[in-house]
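Quick note on labels: first sequence line is chain A, next is B, and so on, each numbered from 1. Atom set for the values below is all heavy atoms of this structure, side chains included, hydrogens, waters and symmetry mates excluded.
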Amino acid sequence: MTKSFYLTTAIDYVNGQPHLGHAYEKVISDVIARSRRSLGQEVFFLTGLDEHGQKVQQAAHNEGKTPQAYCDALALDWRTFARELQLSNQDFVRTSDPRHKSVVQAVLTKLNNEGHFYRSKYKGFYSTRQETFLTEKDRRPDGSFDPIYGDVTELVEENYYFKLKDHQQWLIDTIEANPEFIAPINRRNEVLGFLKNNELEDLCITRPAARLSWGIPLPFDPEYVTYVWFDALVNYISIPAAYGDPKLITALPDLKLDASTQSQGLALWPADLHVIGKDILKFHAVYWPIMLKAIGLALPKQILVHGWWQKDGEKISKSTGNIIDPLAVINNWSLDAFRYYVTRELAIGPDGNWTDAGFAARYTAELANGIGNLLNRSLAMLRSYRQKVVPPRHDELSHGAMTTVATVRTQLLNQDLQGALQSLFSLITTANQFIDQTAPFKLAKDPAQAQRLDEILYNLIEVCRILAVLIWPFLPTTAEKIFAQIGIVNPPADFNLAVWGGLPAGHVTNDPAPLFPRRDTLSSPA
RNA sequence: GCCAGAGUAGCUCAGGGGUAGAGCAGAGGACUCAUAAGCCUUUGGUCGCAGGUUCAAUUCCUGCCUCUGGCACCA
């Protein structure tokens with residue numbers, strides 16, 4: 001079986017409801033997944049939830065639920081959210097899944113047997129009320145701890161540690177030898193700078209089950225559960241293992257799995273892309289590669305780090321109330337408008353700034369007046385002048401269109417989603433200029449110009465058809481609507497359709513209908 | 001505090017030793033197929049501040065100011 005393009009999102013921690021940051025990461029990942037599929041690759045797109053830990057245990061307790069029941073309820077919301085975003089994920093992992101737990105335990109068993117762990121004592125200040133250790137940073141200027149922590153006592157706790165330290169130089173060498181491993185480049189420099197200027201400390205990988213019961217028990221010491229690293233990060237390999245990826249079956253020979261899914265033998269690992277936020281870069285660029293090396297697995301091809309959103313130039317925060325509810329935006333403006341704004345507004349990497357005015361401006365200028373109006377005027381002219389029948393093929397805009405197609409292809413393969421949208425819209429401008437220069441509405445008044453009018457109309461409809469194919473990974477519903485209006489039955493989900501001349505003479509289109517109705521028109525009384 | 005990066009048109013940003021660029025916003029115009037859309041033209045800048053190197057600096061160097069990111073909690 002040939003290896004699929006395997007991409008993942010971060011798995012989100014289930015305390016609370018999904019917000020713009022979650023939606024953003026999932027949408028850009030989905031666009032990448034759809035792009036690769038359109039370009040002919042098999043794709044496995046994974047997203048999911050991180051469910052263990054103190055906060056969830058506490059929140060469940062407060063609601064009088066078991067942690068599992070609490071997570072089950074929230075997981076439903078998050079799956080619904082994924083559907084609302086039209087994510088094309090193949091699976092949805094939850095860290096409380098038995099299939100995930102068994103992989104985590106197999107990993108822990110293997111690394112323990114091979115001497116990657118040791119026990120050690122940690123002495124620190126412990127807040128019983130918050131059930132957490134405090135650090136020097138938690139002290140107030142006078143040296144005391146904030147009363148919210150209650151009684152703070154010095155406590156000694158024994159835990160398991162993973163030997164990170166030994167692999168520091170290897171990691172530096174690996175990152176330097178693989179320039180693509182961390183993108184964008186400034187994030188790579190950040191990691192290298194950190195690794196060269198600091199000595200790694202070994203990683204504490206457990207919590208005593210006595211104070212954190214909602215976790216995965218260590219197979220070799222039931223007094224402990226594994227802490228976040230060997231739980232959440234492992235999701236990236238636990239799902240491939242569940243589908244019987246031979247690389248994982250070999251690396252984890254003691255793993256017992258569900259035979260029905262395992263028999264599929266999907267070839268997924270190594271991941272081609274981990275899409276993450278900048279806040280979890282260290283875990284993915286430092287801990288995870290070393291964990292994989294210890295397990296005996298290849299590293300992912302690339303870690304793609306995106307930025308955060310601000311609103312009106314300020315940090316998004318619930319307390320100040322400047323929040324964006326993605327579902328409200330989707331209900332108000334349509335899913336495709338949301339997907340368009342977040343992919344078009346910024347490149348993957350820098351922080352973005354959400355403004356309602358900017359959103360409305362892009363909607364009107366680019367979606368309604370841009371792609372929507374081009375399709376509308378092209379189909380309207382074909383209807384008026386040729387009774388919706390496509391004339392014989394003509395190639396006047398072919399060269400420009402094919403140049404755009406080639407550029408977009410390269411940009412999609414480089415995950416340059418913003419650039420691809422910009423390229424695609426330049427073709428819209430070209431087509432609008434073409435209409436202006438050739439003035440088909442004038443030619444229509446002169447029967448002697450019938451052939452020239454045919455030529456122009458063919459070029460316009462064909463450009464619209466190609467635009468639908470190019471835009472499908474970003475705006476799947478819109479692309480399908482364009483095809484439907486042109487009267488094409490097959491889906492626009494295949495990049496190979498973006499070849500000039502695909503529209504046959506004599507084809508009959510449907511009637512035009514606005515793809516993105518102008519909002520000012522909508523809201524004004526008739 | 002330490003380590004990076006950035007300050008260029010109203011906004012978002014590109015560029016780079018020799019007449020400052022794009023998109024959007026603003027202004028004007030010709031048209032009418034279209035969602036009053038589209039097209040053409042066009043106004044805006046001491047290129048953060050102060051020095052230095054150079055025939056020539058927005059670009060290179062130094063200092064300063066401001067902002068952002070990282071310095072192991074958090075999409």
Qualifying residue, where the test is ring-ring contact (aromatic ring centres under 6.0 Å, His included) with A/Phe283 and the options are A/Trp229, A/Tyr227, A/Tyr236 |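 That would be A/Trp229.
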Hey, does the side chain of [X] come within less than 4.0 Å of [N]'s phosphate (OP1/OP2), counting only N and O?
{"X": "A/Gln433", "N": "B/rC40", "result": "yes"}
{"X": "A/Asn369", "N": "B/rG38", "result": "yes"}
{"X": "A/Lys282", "N": "B/rC71", "result": "yes"}

Restricting to pairs with a member in residues 422-431 of chain A, which pass side chain to side chain donor-acceptor pair (under 3.5 Å), not counting sequence neighbours?
-> A/Gln411-A/Ser423
Using a cut-off of under 3.5 Å, enumerate the N/O to N/O pairs linking the protein to nucleotides 23-26 of chain B.
none

In whole Å, what is the span from the [atom1] atom of [X] to the [atom2] atom of [N]?
{"X": "A/Phe434", "N": "B/rC40", "atom1": "CZ", "atom2": "P", "answer": "15 Å"}
{"X": "A/Asp511", "N": "B/rC33", "atom1": "CG", "atom2": "P", "answer": "18 Å"}
{"X": "A/Ile371", "N": "B/rA34", "atom1": "CD1", "atom2": "C1'", "answer": "15 Å"}
{"X": "A/Trp308", "N": "B/rC73", "atom1": "CH2", "atom2": "C1'", "answer": "10 Å"}
{"X": "A/Tyr363", "N": "B/rU35", "atom1": "OH", "atom2": "P", "answer": "14 Å"}
{"X": "A/Leu374", "N": "B/rA34", "atom1": "CG", "atom2": "P", "answer": "14 Å"}
{"X": "A/Arg377", "N": "B/rA36", "atom1": "CZ", "atom2": "C1'", "answer": "13 Å"}
{"X": "A/Ile428", "N": "B/rU35", "atom1": "CD1", "atom2": "P", "answer": "17 Å"}

Counting only heavy atoms not in A/Gln449, do more than 12 fall under 6.0 Å of its CD?
-> yes
Is the number of heavy atoms from other residues, nucleotides or ligands within 6.0 Å of CZ (A/Phe359) greater than 12?
->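 It does: A/Phe359 CZ has more than 12 such atoms within range.
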B/rA34 base / A/Asn373 side chain donor-acceptor hit below 3.5 Å =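 Yes, a donor-acceptor pair under 3.5 Å.
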Answer with base, sugar-phosphate or nothing: what part of the nucleic acid does [X] contact at a heavy-atom distance below 4.0 Å?
{"X": "A/Leu515", "result": "base"}
{"X": "A/Asn376", "result": "base"}
{"X": "A/Tyr13", "result": "nothing"}
{"X": "A/Gly372", "result": "base"}
{"X": "A/Pro514", "result": "base"}
{"X": "A/Ala380", "result": "sugar-phosphate"}
{"X": "A/Tyr287", "result": "base"}
{"X": "A/Lys26", "result": "nothing"}
{"X": "A/Leu200", "result": "base"}

Can you tell me how far [atom1] in [N] sits from the matching atom in [M], rounded to whole Å?
{"N": "B/rG28", "M": "B/rU58", "atom1": "P", "answer": "35 Å"}
{"N": "B/rC60", "M": "B/rU66", "atom1": "P", "answer": "23 Å"}
{"N": "B/rU12", "M": "B/rG52", "atom1": "P", "answer": "33 Å"}
{"N": "B/rC3", "M": "B/rA72", "atom1": "P", "answer": "16 Å"}
{"N": "B/rG51", "M": "B/rA14", "atom1": "C1'", "answer": "28 Å"}
{"N": "B/rA9", "M": "B/rU43", "atom1": "C1'", "answer": "11 Å"}
{"N": "B/rA22", "M": "B/rG45", "atom1": "C1'", "answer": "15 Å"}

Is a side-chain donor-acceptor pair under 3.5 Å present for [Y] with [X]?
{"X": "A/His274", "Y": "A/Trp288", "result": "yes"}
{"X": "A/Glu190", "Y": "A/Asn186", "result": "no"}
{"X": "A/Asn373", "Y": "A/Arg518", "result": "no"}
{"X": "A/Asn62", "Y": "A/Gln58", "result": "yes"}

Quick one: do A/Lys26 and A/Glu84 make a salt bridge, cutoff under 4.0 Å?
-> no
Examine A/Trp78 together with A/Phe92 and report whether their ring centres are nearer than 6.0 Å.
-> no
Should [N] form a Watson-Crick or G-U wobble pair with both distances under 3.5 Å, which nucleotide is its partner?
{"N": "B/rA36", "answer": "none"}
{"N": "B/rC64", "answer": "B/rG48"}
{"N": "B/rA72", "answer": "none"}
{"N": "B/rC11", "answer": "B/rG23"}

Base orientation of B/rG5, chi within 90° of 0 counted as syn, else anti, reads anti
Out of B/rC39, B/rA37, B/rG69, which nucleotide sits closest to the side chain of A/Asn432?
-> B/rC39
